[in-house]
Amino acid sequence: KYMVEFVSANPTGPMHMGNARGGVLGDTLAEVLDWSGADVWREFYVNDFGNQIEKFAKSIEARYIQLIKGEDAIEFPEDGYHGDDIRELAKAFYDIHGDSYLEKSVEERHADMARFGLDRNIPKMKSDLERYGIKFDEWFFESSLHESGFVADTAKKLTDLGWTYEKDGALWLRNTDLGADKDEVLRRSNGFYTYYAVDIAYHRNKFAVRGFDKVINIWGADHHGHVARLKGALDALGLNGSERLDIVLMQLVKLLRDGEVVRMSKRTGKAISLHDLLEEVSVDAARWYFNAKPDTQMEFDLGLAVREDSENPIYYVEYAHARICSLLRALETDGVTVPETADLSLLSGEAEKALIKQIAQYCEEIKLAARDYDPSHINRCLQELAACFHRFYTACRIKGEEPAVRDARLKLADDTRIVLRNGLKLIGVDAPEKM
């Protein structure tokens with residue numbers, strides 16, 4: 001029973017390129033594990049509580065007041081969210097409530113504005129991800145951990161087990177006794193729990209409450225320092241985090257157009273979001289390119305992704321599938337269909353044997369992708385399979401060949417089609433029948 005938690009983007013703004021890459025890696029890894037026999041659960045963790053939500057509310061509040069009273073009426077928070085999306089939320093809030101919230105208390109204003117913003121941002125995130133071919137089994141809300149008292153209960157459990165101490169009014173976890181380089185605060189002197197405490201509680205929920213045998217998180221490489229701390233805290237709780245929690249760290253994405261690094265969307269003039277990216281390239285191309293080896297920095301060439309030639313790997317693989325479908329249609333008009341059985345001993349040429357070997361490798365590649373948490377195994381396998389098919393198609397005639405040979409080669413071509421279709425489906429890409 002596996003959980004793969006991925007994307008988990010901050011709901012205070014649009015999803016960025018890291019989320020786009022993490023989305024594909026997580027979704028494809030979940031699919032690979034599923035095909036390997038695991039019972040897989042996909043989860044998105046929504047950070048709808050704490051400092052960043054208060055900052056979100058203050059940002060909307062400032063834009064709301066500026067909208068009514070002018071830009072100089074209130075200074076925008078220096079650490080606030082400066083994007084145009086905040087202005088749009090403030091305007092939408094004003095369109096519904098007018099200036100009535102000027103009379104409300106700050107606490108009520110912040111609570112209602114944060115909820116208003118989240119109620120609009122989260123459905124947008126869901127629709128962008130669904131357009132991207134990603135659906136989660138659960139959107140798990142951080143606020144539920146606080147409201148149920150589970151964060152406080154987790155801190156108490158660590159205290160009862162002797163892993164905490166109090167200093168300067170704060171509650172500290174003895175991380176140095178768990179192999180880390182310094183102790184960490186769980187509960188601040190003002191009574192608020194830290195992000196670290198919440199993360200421990202969330203992962204305790206995954207193992208102790210919901211009973212997952214293995215949990216895999218897809219994180220950006222900038223979170224590498226948090227890995228050992230979190231595993232150590234779960235070990236302290238007796239949950240064997242060292243063995244049962246795995247973190248896949250992915251490197252940054254560099255977008256290129258005509259050899260130049262791209263940071264801004266041509267359409268909006270702002271940082272490129274997942275939504276912007278899918279306006280420029282197909283979902284198939286995005287999913288193919290982002291399903292790269294996680295621990296390497298990747299370059300996404302926007303120009304290459306839309307090319308319709310053999311230089312573009314996704315086009316090359318999809319074309320192999322479409323080519324086989326075209327062949328099957330052409331033969332069917334002559335009354336020839338794929339046989340249920342054929343004399344496969346006739347497939348003795350080098351191109352035929354190479355294609356057979358590559359088909360046979362497919363299941364092994366799924367196992368390796370699951371073992372290594374590296375679904376890019378599937379991309380490489382499909383590219384080689386497409387290349388083997390194109391060589392076979394050039395070297396081995398099917399149409400017009402004598403029936404026994406024709407049937408054996410046709411069977412081999414159709415088996416190639418099935419594996420290409422399955423592999424493309426596994427990484428969330430269409431297998432077109434015409435191109």
Side-chain angles (χ1 to χ4, degrees), residues 1-6 8 18 22 25-26 29 33 38 41 43 45 47 49-52 140 142 145-146 149-252 293-297 370-374:
K1 189 178 174 186
Y2 278 68
M3 176 198 280
V4 183
E5 185 225 317
F6 58 106
S8 298
L25 286 173
L29 178 55
L33 291 165
W41 183 262
E43 185 149 298
Y45 179 63
N47 301 105
F49 196 92
N51 285 337
Q52 85 279 0
F140 187 100
E142 178 187 341
L145 294 169
H146 294 276
F150 198 72
V151 180
D153 183 72
T154 300
K156 182 177 183 303
K157 190 167 180 63
L158 285 165
T159 299
D160 291 345
L161 289 166
W163 290 107
T164 67
Y165 62 92
E166 295 213 17
K167 187 177 88 173
D168 301 328
L171 183 70
W172 295 70
L173 182 65
R174 299 180 188 277
N175 283 65
T176 46
D177 294 344
L178 296 164
D181 55 356
K182 60 176 183 172
D183 293 347
E184 299 281 348
V185 174
L186 293 178
R187 190 184 64 237
R188 299 187 186 93
S189 55
N190 62 8
F192 288 107
Y193 288 95
T194 60
Y195 184 83
Y196 181 40
V198 180
D199 220 16
I200 297 168
Y202 175 43
H203 285 80
R204 178 187 167 213
N205 170 276
K206 293 180 181 184
F207 289 118
V209 177
R210 290 188 280 164
F212 288 100
D213 301 307
K214 196 84 164 172
V215 168
I216 303 165
N217 295 342
I218 312 291
W219 286 356
D222 54 334
H223 289 77
H224 68 93
H226 190 49
V227 175
R229 297 188 308 154
L230 183 56
K231 287 188 174 196
L234 294 169
D235 287 344
L237 287 165
L239 295 171
N240 192 12
S242 298
E243 297 293 326
R244 295 169 71 197
L245 174 64
D246 287 329
I247 311 293
V248 177
L249 295 173
M250 59 172 188
Q251 296 296 328
L252 295 172
K293 198 168 174 58
D295 59 2
T296 56
Q297 187 178 54
R371 182 198 71 184
D372 300 342
Y373 296 166
D374 177 13

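For the single chain, residues carry numbers from 1 onward in sequence order.
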So, W163 side chain and A236 main chain: donor-acceptor pair closer than 3.5 Å or not? yes
Tell me whether D160 is salt-bridged to K156, with the criterion being a basic N under 4.0 Å from an acidic carboxylate O. yes
With side-chain contact (heavy atoms from CB on, under 4.5 Å) as the test, would you mind laying out the steps for Y373 and D295 before giving the verdict? CA-CA 11 Å; Y373 296 166; D295 59 2; over 6 Å; no
Identify whether NZ of Lys or CZ of Arg in K206 sits under 6.0 Å from the centre of the six-membered ring of F212 and within 45° of that ring's axis. no
Could you check whether the rings of Y196 and H226 sit parallel, tilted or perpendicular, using 30° and 60° as the cut-offs? perpendicular
Do the side chain of Q251 and the main chain of A221 share a donor and acceptor less than 3.5 angstrom apart? no
Mark yes when over 12 heavy atoms from residues, nucleotides or ligands other than E166 sit less than 6.0 Å from its CD; otherwise mark no. yes
Do the non-hydrogen side-chain atoms of Q52 and N47 ever get within less than 4.5 Å of each other? yes
For residues Y202 and F140, establish whether the separation of their ring centroids is below 6.0 Å. yes
Does either side chain, that of D213 or that of Y2, offer a donor lying less than 3.5 Å from an acceptor on the other one? no
Do F207 and L234 pass the side-chain contact (heavy atoms from CB on, under 4.5 Å) test, and can you show the C-alpha distance, the side-chain angles, and the key distance before you say yes or no? CA-CA 9 Å; F207 289 118; L234 294 169; 4.0 Å; yes
Go through the steps for L237 and L158 under the test side-chain contact (heavy atoms from CB on, under 4.5 Å), then give the verdict. CA-CA 7 Å; L237 287 165; L158 285 165; 3.7 Å; yes
Aromatic plane relationship, F49 with H146 - under 30° parallel, 30 to 60° tilted, over 60° perpendicular: parallel
Under 6.0 Å from the CZ atom of F192, do we count more than 12 heavy atoms belonging to anything else shown? no
Quick check for you: to the nearest 0.5 Å, what is the distance between I200 atom CD1 and N205 atom CG? 14.0 Å
Using 0.5 Å steps for rounding, measure from the CD atom of E184 to the CG atom of L178. 11.0 Å
Please check this pair: side chain of D235 against backbone of G241, looking for a donor-acceptor N/O pair closer than 3.5 Å. yes
I'd like to know if the side chain of N217 pairs up with that of H203 as donor and acceptor (distance under 3.5 Å, no hydrogens or angles considered). yes
Does the S8 side chain pair with the main chain of Y45, one donor and one acceptor, at a distance under 3.5 Å? yes
State, to 0.1 Å, how close V151 and A201 come at their nearest heavy-atom pair, and which atoms those are. CA-CB, 3.9 Å
R204 side, atom CZ; L145 side, atom CG - distance, nearest 0.5 Å: 10.5 Å
Are the side chains of L173 and Y165 in contact, using a 4.5 Å heavy-atom criterion? no
Using a strict cut-off of less than 4.0 Å between a Lys/Arg side-chain nitrogen and an Asp/Glu carboxylate oxygen, indicate whether R174 and D183 qualify as a salt bridge. no
Determine the sole option in L239, L245, D246, N240 for which the side chain to side chain contact (heavy atoms under 4.5 Å, CB included) test with E243 is passed. N240
Given 3.5 Å as the limit, does a donor-acceptor pair link the side chain of K1 with the main chain of R210, or not? yes
Please determine whether side-chain contact (heavy atoms from CB on, under 4.5 Å) holds for the pair E43 and V4, giving the CA-CA distance in whole Å, both sets of side-chain angles, and the decisive distance to 0.1 Å. CA-CA 6 Å; E43 185 149 298; V4 183; over 6 Å; no
Between atom OG1 of T164 and atom CG of N175, what is the distance when rounded to the nearest 0.5 Å? 11.5 Å
Straight-line distance of D181 CG to R229 CZ, nearest 0.5 Å: 9.0 Å
For a quick test of reading the model, state the closest non-hydrogen atom pair linking A170 to V185 and the distance between them. CB-CG1, 4.2 Å
Greater than 12 external heavy atoms within 6.0 Å of K157's NZ: no
For the CG atom of D199 and the OG1 atom of T194, what is their distance to the nearest 0.5 Å? 9.5 Å
